[in-house]
Amino acid sequence: MGRGTLRIYLGAAPGVGKTYAMLAEGHRRTERGTACVVAFVEHHGRPRTEVLLHGLEQVPRRGLEYRGAVFEEMDVDAVLRRAPAVALVDELAHTNVPGSRNAKRWQDVEELLAAGIDVVSTVNIQHLESLGDIVESITGVRQRETVPDEVVRRADQIELVDMSPQALRRRMAHGNIYAPDKVDAALSNYFRPGNLTALRELALLWVADRVDEYLNEYRSEHRVSAIWGSRERIVVGLTGGPEGRTLIRRAARLAEKGAGGEVMAVYIARSDGLTSASPKELAVQRTLVEDLGGTFHHVVGDDIPAALLDFARGVNATQIVLGSSRRKAWQYVFGPGVGATVARDSGPDLDVHIVTHEEVAKGRGLPVARGGRLGRARILWGWAVGLAGPVVLALGLNTVGLGLANDMLLFLAVTVAAALLGGLLPALASAAFGSLLLNYFYTPPLHRLTVADPKNIVAIAIFFGVGMSVASVVDLAARRTDQAARLRAESEILSFLAGNVLRGETSLEELLERVRETFAMESAALLERESDVAPWTCAGRAGFGPPLERPEEADVDMPVGDHMALALTGRVLPAADRRVLAAFAAQAAVVLDRRRLQEEADQARALAEGNRIRTALLAAVSHDLRTPLAGIKAAVSSLRSDDVAWSEEDRAELLKGIEEGADRLDHLVGNLLDMSRLQTGTVTPLIREIDVDEVVPMALGGVPEDSVDLDVPETLPMVAVDPGLLERSVANLVENAVKYSPPGRRVLVAASAIADRVEVRVVDRGPGVPDEAKERIFEPFQRYGDAPRGAGVGLGLAVARGFAEAMGGTLAAEDTPGGGLTMVLSLCAAGPRPEPLPAAEFRTEPERHTI
């Protein structure tokens, strides 16, 4: 049985109609005869959702008990036993109750897909893991329930359920999304027009990027070379000169004029070496384009205009931005230049912008390149001079008699000119043709191909030899220039590559993408195997095309050691490029080793931290837990002794000691268990809205009644917290404050609202803590100052901070004015929380965009 398909309805915010669309799809498939079941959809008592559920088979849910309450989750086993063709699963990013089969609902969905069941699900854009920081900066609410982007990207179909902010706010006002008592707060907080507009833009751009990936895959599979201007992509051609910054800024302004515009700066290292690029300037321009939201690309190309156009068409660009030439007027003799050539060859699907700048016509370090060793235009000029020059010279000399010696010198000058322009072959042709003309027109006997005087034969031979020598020197110099230029281009790439890798700025996938771009390949992959007979596995891959199972399947493969190879597909690579490719392959192996070493170091660090915690725990158990146990045992032994007749007062005192020791043990063990849960990451808060004045008083049960003053106004906004975790946090803070407060001085517990936060302050008048130790007191097993060992194992503040951060809050220590320490617990004020609430259902089906 194959893997099932995943279809996701993506929305910008709660209420756009994702659940409605999903259930409507379920009805359509049921009407077509498909076995479709509702694996999990929560209607929250809303009639419209409940009506839409009628007619669909619902798989019974699984009840889980957690903290004295029963919660219902999707029963994965029941769905697998039912084995439907399609399962409807709402809220893909939902966090399951502790004790469930998986921690996240998307993991449940993965099991259904692996079993061959098609799944239709829903998710909001704010729940994508990579957008958490952006959503928090927009809405002020940190989304605790997230789903990895890769899970959504792997979906076989993503359908955008879209709605304008104004229409969504109207639905909210009509009570179709939240309960009426929450509408005003939602409209003035999370559902503000600005928030909804920004979230909608995020959703549209994310889906557009996904569409773009599909388009690139299609173009690659069908080898489409024509440009489809579905999105503005602007390629900036850089030379490494100072005008590059102007071009990048100009391209960024062009991209801003169109929604979703993208800027790609490309520097083409010329194999003929006739450019003077500054590595420092290129680094500055790379930083600039990345700061403006673009990308930087480094490509090797022999023909600069052709390489630039190939790159632009390869990325489906719509515009190219180039700078006006820095060449002086006389340098245009060698050709029209890169800008004019690109504009001429770009075709109707590419717009070329030539941007003026301050460096126009100020000259370049070297003449512009002309492709190949000497350049096509230069070779053509060499042939023209080598063949036409002797004819023109012979016609001129027939009218003026200068003597054989002068005639030979003039023909030699033409041969040297042909050698300087075109190299060996035009000079050879010029020398041979010139020798024939000298012999026929100017060497006795005239107008015959014979030579009467032997001295003239020697002269003609010397003439031919000098011409060949000059041509050979010019050709050799051209080849050496070409080799030096190629080596310089290679060294620039390798230097840039090595710098990034040594600084740890390049991941394996980025490095492989750099290889693919540099050599103009379709895909690049790093393959490895454990032994000579083991199968190959892919350690990293970039580009499009089918995955490779063996290096032999690739167009180019570069071995790296005995059991690793860099494989490229797209074209056969020239032998001269394999030296650079070998360096890339070696660097890829280094990056892979570094990544694995980093993973091992992280694991070792986690193990070391765990060992440190265990060592501290054993040290704490050795004394702090044994002390109350010893006291309890001594009291119990005394009570059971028949040798002493205890009075009622003595018996009461011994029982009190047993009770205090048991309470102390309970407190210590509770903190140890809480810290263990925090260290292992198993604390999953159940966030709900609650008043602070309902929780804080309950946290004061473990301290003497006359030791705390409470100031928590009833008018404070509600907070989004886990009541149990909040109670434990406040209890630990109050117990710590009471412990260090001097006799007769009460601890103040006060709460106040600041912006969208609610702060709970626990103020004591104890000795206080210096600034350098304020963070250290929150570490596990830390006691500050001369606290006795019987004062606890040093976990109270660590547990309090851990619980606070698990709920999305913060805990910090401040100095109390006049002396003492103030613990500030900052909590998120309650607002509309989209995580537990399903999308609203409506009578008419919303607008949807399918990709």
Step by step, work out the side chain to side chain contact (heavy atoms under 4.5 Å, CB included) result for Arg249 and Leu288.
CA-CA 9 Å; Arg249 294 188 179 97; Leu288 175 61; 4.1 Å; yes

Gap between atom [atom2] of [Y] and atom [atom1] of [X] - 0.5 Å precision:
{"X": "Gln157", "Y": "Tyr9", "atom1": "CD", "atom2": "OH", "answer": "7.5 Å"}
{"X": "Leu131", "Y": "Thr146", "atom1": "CG", "atom2": "OG1", "answer": "10.5 Å"}
{"X": "Arg200", "Y": "Leu202", "atom1": "CZ", "atom2": "CG", "answer": "12.5 Å"}
{"X": "Gln285", "Y": "Thr239", "atom1": "CD", "atom2": "OG1", "answer": "7.0 Å"}
{"X": "Leu113", "Y": "Thr5", "atom1": "CG", "atom2": "OG1", "answer": "7.5 Å"}
{"X": "Phe311", "Y": "Met264", "atom1": "CZ", "atom2": "CE", "answer": "6.0 Å"}

Shortest non-hydrogen contact from [X] toward [Y]:
{"X": "Pro551", "Y": "Leu527", "value": "N-CD1, 3.7 Å"}
{"X": "Gln126", "Y": "Gln143", "value": "O-CG, 3.4 Å"}
{"X": "Glu509", "Y": "Arg541", "value": "CG-O, 4.2 Å"}
{"X": "Ala312", "Y": "Leu350", "value": "CB-CD1, 4.1 Å"}
{"X": "Glu145", "Y": "His127", "value": "O-ND1, 2.8 Å"}
{"X": "Val123", "Y": "Lys18", "value": "O-CD, 3.4 Å"}

Evaluate whether atom CD of Glu530 has more than 12 neighbouring non-hydrogen atoms of other residues, nucleotides or ligands under 6.0 angstrom away.
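Check fails, neighbour count at 12 or below.
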
More than 12 heavy atoms of other residues, nucleotides or ligands under 6.0 Å from CZ of Arg245: yes or no?
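Open.
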
Looking at [X] and [Y], would you say the former's side chain and the latter's main chain have a donor-acceptor pair under 3.5 Å?
{"X": "Thr537", "Y": "Glu528", "answer": "yes"}
{"X": "Arg516", "Y": "Ala525", "answer": "no"}
{"X": "Ser121", "Y": "Ile8", "answer": "no"}

Side chain to side chain contact (heavy atoms under 4.5 Å, CB included) assessment of Phe296 paired with Leu282:
CA-CA 10 Å; Phe296 184 90; Leu282 280 178; 4.3 Å; yes

Can you check side chain to side chain contact (heavy atoms under 4.5 Å, CB included) on Asp108 and Val89, steps first, answer last?
CA-CA 10 Å; Asp108 297 336; Val89 183; over 6 Å; no

Determine whether the side chains of Ser523 and Thr569 contain a donor N or O and an acceptor N or O closer than 3.5 Å.
yes

Would you call [X] and [Y] a side-chain contact if the rule is heavy atoms closer than 4.5 Å?
{"X": "Val321", "Y": "Leu254", "answer": "yes"}
{"X": "Ile234", "Y": "His353", "answer": "no"}
{"X": "Val135", "Y": "Leu128", "answer": "no"}
{"X": "Val109", "Y": "Leu6", "answer": "yes"}
{"X": "Val556", "Y": "Met521", "answer": "yes"}
{"X": "Trp206", "Y": "Ile158", "answer": "yes"}
{"X": "Leu308", "Y": "Val299", "answer": "no"}
{"X": "Leu511", "Y": "Leu526", "answer": "no"}

Begin with the C-alpha distance, continue with both residues' side-chain angles, and end with the deciding distance and a verdict on salt bridge (Lys or Arg N to Asp or Glu O under 4.0 Å) for Arg596 and Glu600.
CA-CA 6 Å; Arg596 289 175 175 169; Glu600 293 176 1; over 6 Å; no

Which residues share a side chain to side chain donor-acceptor pair (under 3.5 Å) with Arg529, sequence neighbours left out
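Counting only residues at least two positions away or on another chain, Arg529 forms no side chain to side chain donor-acceptor pair (under 3.5 Å).
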
For Ser346 and Leu309, run side chain to side chain contact (heavy atoms under 4.5 Å, CB included): C-alpha distance rounded to whole Å, both residues' side-chain angles, the deciding distance at 0.1 Å, then the answer.
CA-CA 7 Å; Ser346 61; Leu309 288 171; 4.1 Å; yes

Going by side-chain contact (heavy atoms from CB on, under 4.5 Å), Leu10 matches just one of Asn124, Leu92, Ile125, Thr122. Which one?
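Exactly one option meets the side-chain contact (heavy atoms from CB on, under 4.5 Å) with Leu10, and it is Ile125.
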
If the test is side-chain contact (heavy atoms from CB on, under 4.5 Å), which one of Ile320, Val342, Leu322 qualifies with Ile354?
Leu322

Candidate pair Arg605 and Asp602, rule salt bridge (Lys or Arg N to Asp or Glu O under 4.0 Å), full reasoning
CA-CA 5 Å; Arg605 191 177 299 109; Asp602 293 341; 2.8 Å; yes

Which salt bridge (charged side-chain N to carboxylate O under 4.0 Å, His left out) pairs, counting each pair once, include a residue from residues 113-129, with sequence neighbours left out?
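Qualifying pairs, neighbours excluded: none.
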
Quick one: salt bridge (Lys or Arg N to Asp or Glu O under 4.0 Å) partners of Glu110, sequence neighbours excluded?
Arg3, Arg154

